[in-house]
There are 2 protein chains.
Amino acid sequence: MNGFFYYLNVNGYSAILVDNKSILKEGRVTKMKKKETVTIYDVAREASVSMATVSRAINHNHNVKPETEKKVLDVVKRLNYRPNDVARGLASKKTTTVGVIIPNVTNSYFAALARGIDDIAEMYQYNIILTNSDGDEKKELKALNTLYSKQVDGLIFMGNEISEAVRSDMSNERIPVVLAGSVDFQNQFNSVNIDYRKAVYAQTNELLKNGNDRVAFVASHLNRSINKDYRIEGYKDALRDAGIPFRKTLLFEANEATYDSGYKLRNKLVQEEVTAAIVSNDDVAAGVMNSMSDSGINVPEQFEVATSDNTKLTEMTRPMLSTITQPLYDIGAVSMRLLTKLMKNEEVSERNILLPFGLKDRNSTK
Amino acid sequence: MNGFFYYLNVNGYSAILVDNKSILKEGRVTKMKKKETVTIYDVAREASVSMATVSRAINHNHNVKPETEKKVLDVVKRLNYRPNDVARGLASKKTTTVGVIIPNVTNSYFAALARGIDDIAEMYQYNIILTNSDGDEKKELKALNTLYSKQVDGLIFMGNEISEAVRSDMSNERIPVVLAGSVDFQNQFNSVNIDYRKAVYAQTNELLKNGNDRVAFVASHLNRSINKDYRIEGYKDALRDAGIPFRKTLLFEANEATYDSGYKLRNKLVQEEVTAAIVSNDDVAAGVMNSMSDSGINVPEQFEVATSDNTKLTEMTRPMLSTITQPLYDIGAVSMRLLTKLMKNEEVSERNILLPFGLKDRNSTK
DNA sequence: CTGAAAGCGCTAACAG
DNA sequence: CTGTTAGCGCTTTCAG
C-alpha cells in the first residue's frame, strides 16, 4: 500500500487502488494520480453516501440509521480508512491535544506527574505535547507560544511558580489551563496541589519534637511562591507554635532541584550548626543526606533530614528518607481530568483542588 | 483583536471581560460576534498584499522584496498575528511534530533520552507528542495509530524491542522512524545505541578478573532482543574467553525495570550462590544491591554489582554503583537529529549509529 | 435520517 | 517579485 498504488479511473468506473504493474499492462489509464491517502470522500463514494454521513458515522453521531452506519463502517474497515486529525482539527477547531509544560522530565517528581497526566489524557482520547522549560520564563513563554500555534485545546503547566509574564500570557488566551503541583498565589488559574503549608507544618513539628531547635529549611528557590508563600509559612507556623524564633539564616537555597545542588550544601549547613533539615525536593534531600553521611556525620543521630515528595528515590537511599507523602501520580491525573472537564465546558465544583498528604517516617529522622 | 471581544450577558451575569466602550455604555448588547482569530487574510488586507505574499513573508521565503516583507511583518506584529499550525499542516502536509513512544517517563533511563530528544526537537522547531507504552505491544500499536492520525512527520521509538506486529505496522507507513536506545535485530530501522555486546563483555571481564566465577546476569526481560541478542552474547563472550562455562541458571529476570522488582531477586540470587551480578538497568541494580546490603551481605566484599546506564541514581546509592557509562542524553539527541535529516530527505551516512560507552568503577565492585 | 455546500486558515503551483 | 486559484480532508449548518 506503500506509495505503490495509483489512482485508476477506468471506463468512468469508480476509482480503484491498483498496483502500478497492472496499470502498465492494461494500458488504458485515463487519469493517474499518486494516491496515498484514502479520504472521507473515498469512503463516501464506496459506501454510496455523502461525506456528511460518513463523518457522522465515524463520529458515532446519533443521527444516522444503524444500517447505514454499519455500511459505512464496513467500508472504512475495507479501505483501511483513517481520519486525518489535522483536517479534523481545522474544521472543528478542536485538536484533541493538550500542551504540557514541565520543568524537566528528568526530575522524578515531575516525571511522576507527567505519567499521571498522560494516562488520563489517553483515557479521554487526548494526546500530549510535552515541552521542557527548566522553569525558565523565557522558555515557558516560547513554549506557550508554539503550543498556541499548534492550537492545543488546553494546557497543563508545571513549574512551581507563575511569573507575571507567564500569567498575563496565559490569561490572554482563552484556552483552559490547570497548574499541576504548582501554585498561583493570585489564585487565578485552576490547580491541583497538596496543602504545602500544612504538610510542612506537620513535618517541622516532628523535627521539633525530636529536640531540634535549629531546623534548616532548604529549597531550590526560596523566593518561589510555592516556597515563600506556602512551605516557609508552614515552617514558621511550627516554629511559632513551639516558641522557637524564626531565623532567616536557617533558610538555604539549592539553586537547582538536583542531587548535586543538595550535596554542595553541607558546609553551609554545618556552619549554621543545624541538626535537622526540611528539604523541599527529594533529589536535593538525597544530596544533602549523602553529603552529611559521606563526611562522617551520622544520619539521623547527628543530623535529621526530612523530604517532600516520596518519590521512589526516598526508598533507594540508605538510610531511607522520611518524607511528606504526596499522591504524585494523582496530582497529574486529577489535573488532566480537571482539564478535560474545562475543555468540554463542564461544570467544575472546585477550581483549586487540594489532594491529601501524609507523613512517612523512615530512617533519616529519629 | 486578541481576546478583546466577548459575549456580553447583561442579565446580572458576572465575569464579563469587555473592552469595547460602546458596549459598556450601552449596557444591553445581547450578543456579539466572538472575534478571536486574526488570519492571514486579515494581514493581507491590512498590508495591501495577497495572502500568498504574507505566507511568503512569514516563512522567510526568498522571493519577497525586502520592503514588502517588512511591511507585512509590521502588520503581523501590529495585529498580533499568529499562524495557525493546523491549517498549515493541512495545506503543507507537514505538522512539524514528531511522535515519541516511551515505555515510561518515570524510568530515569528513558527520561534522560526523552530530554535529549526534546531539546534537539526544539532546536529544529519540532514538537513532541509523548506517549507511554509500558513496553506493551497493544499500547504501542494503539499509540502508533493515533500518532499516524495526527500526521506526525516522524517517529522516535523507545522500547528495547520491536515486536513483529509493531515492525510491520511501522513498515507500512511511509514516515521515518528511529529507534532510540532500542535495537532491531532485523536491522530494518534507523537507530542510535551503544554497542551493548561489547559493553557487557568488558564489564563481565572486570567481574571475572575480580575472581568471581559465578556471575549473574539480570535483566527485566531476558528474551528481549536487546538482552538476548546483545547483552547476553557479550556476557557469554567474556565467559568463554575466561574459560568459564555458561550456566543458564545464572540468568535472572526482574519482570519489570523497577527497583522493587530488583529488590525481590535476592533469594534467587543467593540460592544460586552468585557472588556478582551484571544488571541491565540502574533501578533494578539499586534494588538488587540494597536488598543484599539490607540482609547483611556486604557489597562489594561479598557481593559485587555492576549496572548499565550511569543515571544519576548510580551516585545516590551507598555504595555507589559501578556501571557502564552511556551518553544517555546524546542517544536521545542524536536520534532526534537523525530524524530531522530523515524528515527532510537529507542523506544520512549511518543508519545504525553506535555511540561510545565506557566503564565507571565505583564502590559496588572491588 | 441524509445530502449539498460552505468553509476552517494556510500553502503551493501557475501565471504574469 | 507578486497575485490568483485551487485545494489539503474534514465538520457543520441548513435544507429537505
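All figures in this text were calculated on a predicted structure; none of them were measured in a lab. Below, chain A is the first sequence line, B the second, and so on; all start at residue 1.
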(message) What is the separation between atom CZ on B:Arg82 and atom C1' on C:dC10, rounded to the nearest whole Å?
(response) 16 Å

(request) Using atom NE2 of B:His60 as one end and atom C1' of D:dC1 as the other, report the distance to the nearest whole Å. (result) 17 Å

(message) Checking contacts here: which listed nucleotide (D:dC1, D:dG7, D:dT11) is nearest the side-chain heavy atoms of B:Ala91?
(response) D:dG7

(message) For C:dT11 and B:Lys94 - does any side-chain N or O of the residue sit under 4.0 Å from the phosphate oxygens OP1/OP2?
(response) no

(message) Counting only side-chain heavy atoms from C-beta out, which of C:dT11, D:dC10, C:dG9 sits nearest to A:Arg88?
(response) D:dC10

(message) Looking at B:Lys344, I want to see if its NZ is surrounded by more than 12 non-hydrogen atoms of other residues, nucleotides or ligands under 6.0 Å.
(response) yes

(request) May I ask you to evaluate whether A:Ser92 reaches the phosphate of D:dT11, defined as a side-chain N or O under 4.0 Å from OP1 or OP2? (result) no

(message) I want to check one thing: is the phosphate of D:dT2, taken as OP1 and OP2, less than 4.0 Å away from some side-chain N or O of B:Thr68?
(response) yes

(message) In this structure, how many angstroms lie between the P atom of D:dC10 and the NZ atom of B:Lys150, rounded?
(response) 15 Å

(message) So, does B:Thr53 get its side chain near the phosphate of D:dC1, meaning an N or O under 4.0 Å from OP1 or OP2?
(response) no

(request) Round to a whole Å and report the spacing from OH of A:Tyr41 to P of D:dG7. (result) 12 Å

(request) Estimate the overall bend of the helix from C:dC1-D:dG16 to C:dG16-D:dC1 from the end axes over five pairs each, rounded to 10 degrees. (result) 30°

(request) Check A:Asn84, A:Thr96, A:Thr95 against B:Lys150 for a side-chain hydrogen bond (donor to acceptor under 3.5 Å, both in side chains) and give me the one that passes. (result) A:Thr96

(request) Give a yes or no on whether A:Glu350 atom CD has more than 12 heavy-atom contacts from other residues, nucleotides or ligands under 6.0 Å away. (result) yes

(message) Do the side chains of A:Glu173 and B:Arg82 get close enough for a salt bridge, i.e. N-O under 4.0 angstrom?
(response) yes

(request) Could you work out which one of C:dG3, D:dT2, D:dC10 sits closest to the side chain of A:Arg56? (result) C:dG3

(request) Mind calculating the distance between NZ (B:Lys93) and C1' (D:dG9) to the nearest angstrom? (result) 8 Å

(request) Select one nucleotide: of C:dA12, D:dT11, C:dT2, the one nearest the side-chain heavy atoms of A:Val64. (result) C:dT2

(message) Counting only side-chain nitrogens and oxygens, does B:Thr39 get under 4.0 Å of the OP1 or OP2 atom of C:dG9?
(response) no

(message) Is it the case that the side chains of B:Glu122 and A:Thr131 hold a donor-acceptor pair, with the cut-off being a distance below 3.5 Å and no angle test?
(response) no

(request) Would you kindly compare A:Ser48 and B:Ile58 by the position of their nearest DNA chain C nucleotide and give the one closer to the 5′ end? (result) A:Ser48

(request) Check the distance between D:dT11's C1' and A:Met51's CE and give it to me in whole angstrom. (result) 9 Å

(request) Report the distance from atom CG of B:Asp85 to atom C1' of D:dC8, rounded to the nearest whole Å. (result) 15 Å

(request) Would you indicate, yes or no, if C:dG9 has its OP1 or OP2 atom less than 4.0 angstrom from a side-chain nitrogen or oxygen of B:Thr37? (result) yes

(message) Atom CD of residue position A:Gln125 - does it have more than 12 heavy atoms of other residues, nucleotides or ligands inside 6.0 Å?
(response) no

(request) Check the pair B:Arg167, B:Asn172 against side-chain hydrogen bond (donor to acceptor under 3.5 Å, both in side chains), reporting the backbone distance first and the verdict last. (result) CA-CA 9 Å; B:Arg167 172 196 308 285; B:Asn172 285 334; over 6 Å; no

(request) Just call it for A:Ser55: base, sugar-phosphate, or nothing, with non-hydrogen atoms closer than 4.0 Å on any strand. (result) base

(request) May I ask you to evaluate whether B:Asn84 reaches the phosphate of C:dC8, defined as a side-chain N or O under 4.0 Å from OP1 or OP2? (result) no

(message) Under 4.0 Å, heavy atoms only, any strand: does A:Asn59 hit a base, just the sugar-phosphate, or nothing?
(response) sugar-phosphate

(request) Tell me which nucleotide among C:dG3, C:dA13, D:dG9 gets nearest to the side chain of A:Leu90. (result) D:dG9

(request) For B:Tyr81 and C:dG9, give me the distance from atom OH to atom P, rounded to whole Å. (result) 10 Å

(request) Please determine if A:Arg115 and A:Asp119 form a salt bridge, counting it only when a charged side-chain N lies under 4.0 Å from a carboxylate O. (result) yes

(message) Looking at B:Glu67, I'd like to know if its CD atom is crowded, meaning that more than 12 non-hydrogen atoms belonging to other residues, nucleotides or ligands lie closer than 6.0 Å.
(response) no

(request) For B:Val49, answer base if it contacts any base atom (sugar-phosphate contacts may also be present), sugar-phosphate if it contacts only those atoms, and nothing otherwise; contact means non-hydrogen atoms under 4.0 Å. (result) sugar-phosphate

